[in-house]
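Residue indices begin at 1 and follow the sequence shown. Atoms within a ligand are numbered from 1 in the order they appear, just like the ligands themselves.
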Amino acid sequence: MNRPLILPDISEATLAQLRKAAEEMLKHAYAPYSHFPVGAALLTESGHIFQGCNIENAAYPSGLCAEAVAIGQMVATLGSTPVRAAFIVCKGHSPAWPCGTCRQRLNEFAASLMWVYTSTLTGSPQRMAFGELLPNSFGAADLQGIAR
Ligand code: THU
């Protein structure tokens, strides 16, 4: 689905809360293999915030990204809920955008207008409309009309 790329802003106060929620997660990240802790926070359209951190595994592909964990927290708590913004924080030298798999995971719950923010611990955030991060995405609408 192509999303319009002109999005309403999120208030500074809400954005600061969202960033803090993502930063908090860096303390919880379990990243003994990559040494690359990531924190994520999701703001739902209903105004709730859900947090996640990356959780690595000795069997590397079994590890979880911070975004996946935050989505899990959200769905386990509220069920499927449209997400208005995601904030990612990493300890790296430059901000990290969600990986390809997490873009697809976020696509499942993204509100029609969703912002993605990313920042290092000390830097200023960058932001993109989700529709720019994952254009021409595959989603639930593509499965409509299939006989079951
Ligand atoms: N990672 C995330 O948590 N989110 C992303 O979008 C990119 C990568 C994690 C996975 C792994 O634990 C570490 O960063 C290095 O790839």
Trainee: Under a 3.5 Å threshold, I'd like every N/O contact between ligand 1 and protein atoms, with atom names and distance.
Mentor:
{"unit_1": "ligand 1", "atom_1": "3 (O)", "unit_2": "Ala66", "atom_2": "N", "d": "2.9"}
{"unit_1": "ligand 1", "atom_1": "4 (N)", "unit_2": "Glu67", "atom_2": "OE1", "d": "2.8"}
{"unit_1": "ligand 1", "atom_1": "6 (O)", "unit_2": "Glu67", "atom_2": "OE1", "d": "3.4"}
{"unit_1": "ligand 1", "atom_1": "6 (O)", "unit_2": "Glu67", "atom_2": "OE2", "d": "2.7"}
{"unit_1": "ligand 1", "atom_1": "6 (O)", "unit_2": "Cys99", "atom_2": "N", "d": "2.9"}
{"unit_1": "ligand 1", "atom_1": "12 (O)", "unit_2": "Asn54", "atom_2": "ND2", "d": "2.9"}
{"unit_1": "ligand 1", "atom_1": "12 (O)", "unit_2": "Glu56", "atom_2": "OE2", "d": "2.5"}

Trainee: Taking all heavy atoms of Cys53 and all of Met25, pick out the closest pair and write down the distance.
Mentor: CB-O, 3.5 Å

Trainee: Are the side chain of Asn54 and the backbone of Gly63 linked by a donor-acceptor contact shorter than 3.5 Å?
Mentor: no

Trainee: Side-chain heavy atoms under 4.5 Å apart, restricted to Ile/Leu/Val/Met/Phe/Trp/Tyr: what other residues fall into the cluster of Leu64, or is it alone?
Mentor: Tyr30, Tyr33, Ile55, Tyr60, Val69

Trainee: Phe50 versus Val75: any side-chain heavy-atom pair under 4.5 Å?
Mentor: no

Trainee: Enumerate donor-acceptor pairs with a distance under 3.5 Å from any side-chain N or O in residues 93-103 to protein atoms, sequence neighbours excluded.
Mentor:
{"unit_1": "Arg103", "atom_1": "NE", "unit_2": "Pro98", "atom_2": "O", "d": "2.7"}
{"unit_1": "Arg103", "atom_1": "NH1", "unit_2": "Leu133", "atom_2": "O", "d": "3.1"}
{"unit_1": "Arg103", "atom_1": "NH2", "unit_2": "Pro98", "atom_2": "O", "d": "3.1"}

Trainee: Taking only residues two or more places apart in sequence, or in another chain, which ones meet Ser119 in a side chain to side chain contact (heavy atoms under 4.5 Å, CB included)?
Mentor: Arg19, Phe87, Pro125

